Every structure is written in structure tokens, then in C-alpha cells.
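Here the structure is a predicted model, which means the values were calculated and not measured. Both backbone and side-chain heavy atoms feed into the values below; hydrogens, waters and symmetry mates do not.
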Amino acid sequence: MPARNRRLPRGLSWPLTPTDIRTVLGAQEADAVDLDFGDRLWGDGTALHAEWVPPISANYGGGIHPSWWCTVRVRIAPLPATERAAARHVLREIAVPELAAWISAARDAPEAWTLSRHSRSWRPEGSTTAYRDDLRPYL
């Protein structure tokens with residue numbers, strides 16, 4: 001997704017593409033995921049963020065559309081363009097497969113887990129990634 005097609009500031013680039021996500025998740029699962037490309041850097045270096053959206057009574061009938069219940073939102077944050085190639089390689093090799101496993105586990109999780117909001121974030125760190133759950137500090 002070229003920056004010229006979106007309002008991405010000069011010098012920033014997305015490390016992943018929709019095709020990167022769809023290839024690992026599969027077409028059906030990718031269609032069920034809300035995929036969004038942000039236009040601002042995250043201060044902590046997060047490049048990939050997934051959030052579980054639970055079905056709650058507050059969003060029944062007047063809140064968000066029912067198609068969003070029990071779904072996953074995936075956000076791709078831009079990084080400095082000079083870091084894109086290295087981050088892309090690491091995220092595609094490590095983070096995107098972990099994202100697929102996290103989504104699968106979330107869909108099969110016990111009801112107590114699925115009824116609350118959860119998230120997982122990844123950031124590139126050299127030749128590997130660090131992740132965090134529910135916005136806690138990175139491991």
C-alpha cells in the first residue's frame with residue numbers, strides 16, 4: 001500500500017501489507033479481521049497490534065455493529081522508512097505467524113476469556129520481535 005495513496009507523512013512506511021496478513025491468516029479468517037493501517041508512529045515502537053473485541057451488552061442494539069462482536073482488530077503502525085526492510089522481514093517471519101496463532105487461540109478460548117477485551121502487540125527488535133499482552137510492558 002503506497003504512502004501516496006494514504007495520508008502517511010514523508011519518511012514513514014508500513015512494514016507489512018494486507019497480502020502479508022492474508023497469506024498467513026487465510027482468506028476466510030482475513031476477511032473476519034478488521035485490518036487498519038495507522039498514520040502515526042507508536043511511541044514504544046509497536047508495529048503490529050491485535051485486539052480482541054468481545055460481545056458485551058453495551059454494544060448490543062445501539063453500539064457497534066454485530067459483525068464486530070467476537071472479532072479481532074489488527075493495526076499496522078508505520079515505522080521510519082529506513083527501518084522498513086529489516087522490520088518487514090522480522091515481522092513476516094515471527095510476528096505474523098504468532099498473530100495467526102493468537103487469533104486461533106482467541107477464537108477457541110474459554111467463555112470467561114472471550115467476554116473481556118484483550119490485546120497483543122509486537123515490535124521489531126533487531127533480528128527478533130518483542131511482544132506484550134494487554135498493553136503491559138514488552139517482554
Original post:
Do Val74 and Leu99 come close enough that some side-chain heavy atom pair is under 4.5 Å?
Top reply: yes
**OP:** Indicate yes or no: at least one non-hydrogen side-chain atom of Ser121 is less than 4.5 angstrom from one of Asp44.
**Re:**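 Ser121 does not reach Asp44 side chain to side chain.
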Subject >> Pairs touching residues 118-130 that satisfy salt bridge (charged side-chain N to carboxylate O under 4.0 Å, His left out), sequence neighbours left out >> reply: Arg120-Asp133, Arg123-Glu125
Original post:
Pairs in or reaching into residues 85-100: which pass salt bridge (charged side-chain N to carboxylate O under 4.0 Å, His left out), with residues at least two apart or in two chains?
Top reply: Asp20-Arg88, Asp20-Arg92
Subject >> Any donor-acceptor N/O pair, Ser104 side chain to Ala100 backbone, under 3.5 Å >> reply: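 Looks like no, no N/O pair under 3.5 Å.
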Original post:
Considering residues at least two apart in sequence or located in another chain, which fulfil the side chain to side chain contact (heavy atoms under 4.5 Å, CB included) criterion with Ala95?
Top reply: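 Leu48, Leu91, Trp122, Thr129.
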**OP:** Quick one: list whatever passes side chain to side chain contact (heavy atoms under 4.5 Å, CB included) with Pro97, sequence neighbours left out.
**Re:** none
**OP:** List the steps, then state whether salt bridge (Lys or Arg N to Asp or Glu O under 4.0 Å) holds for Asp34 with Arg75.
**Re:** CA-CA 8 Å; Asp34 173 38; Arg75 305 290 181 252; 3.2 Å; yes
**OP:** Could you give me the CA-CA distance, side-chain angles and deciding distance for Val72 and Glu51, then say whether side-chain contact (heavy atoms from CB on, under 4.5 Å) is met?
**Re:** CA-CA 5 Å; Val72 177; Glu51 181 180 12; over 6 Å; no
**OP:** Heavy atoms only: give me the nearest Pro15-Pro78 pair and the separation to one decimal.
**Re:** CD-CA, 4.5 Å
Subject >> For the student: nearest non-hydrogen atoms of Pro124 and Ala47, plus distance >> reply: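 Scanning both residues completely, I find the closest heavy atoms to be CD-CB, 3.9 Å.
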Report the distance from atom [atom1] of [X] to atom [atom2] of [Y], rounding to the nearest 0.5 Å.
X	Y	atom1	atom2	answer
Ile103	Asp108	CD1	CG	12.0 Å
Arg84	Leu16	CZ	CG	8.5 Å
Arg73	Ser119	CZ	OG	11.5 Å

Subject >> Cluster link Leu25 to Leu35, ILVMFWY, side chain under 4.5 Å >> reply: yes
**OP:** Check whether Leu79 and Tyr131 end up in the same hydrophobic cluster, where Ile, Leu, Val, Met, Phe, Trp and Tyr are linked by side-chain heavy atoms less than 4.5 Å apart.
**Re:**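 No, Leu79 and Tyr131 fall in different hydrophobic clusters.
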Original post:
In the hydrophobic clustering (ILVMFWY, side-chain contacts below 4.5 Å, transitive), which residues join Val90, or is it alone?
Top reply: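 Joined to Val90, directly or through intermediates: Ile94.
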Original post:
Tyr138: which other cluster members, linking ILVMFWY side chains closer than 4.5 Å, directly or transitively?
Top reply: none
Subject >> Qualifying ring-ring contact (aromatic ring centres under 6.0 Å, His included) pairs with a residue from residues 90-114, counting only residues at least two apart or across chains >> reply: Trp52-Trp113, Trp113-His118
**OP:** Just say parallel, tilted or perpendicular for the rings of Trp14 and Phe37, cut-offs at 30° and 60°.
**Re:** perpendicular
Subject >> CA sep, side-chain torsions, deciding dist, call: Ile21, Val33, side-chain contact (heavy atoms from CB on, under 4.5 Å) >> reply: CA-CA 10 Å; Ile21 303 296; Val33 168; 5.5 Å; no
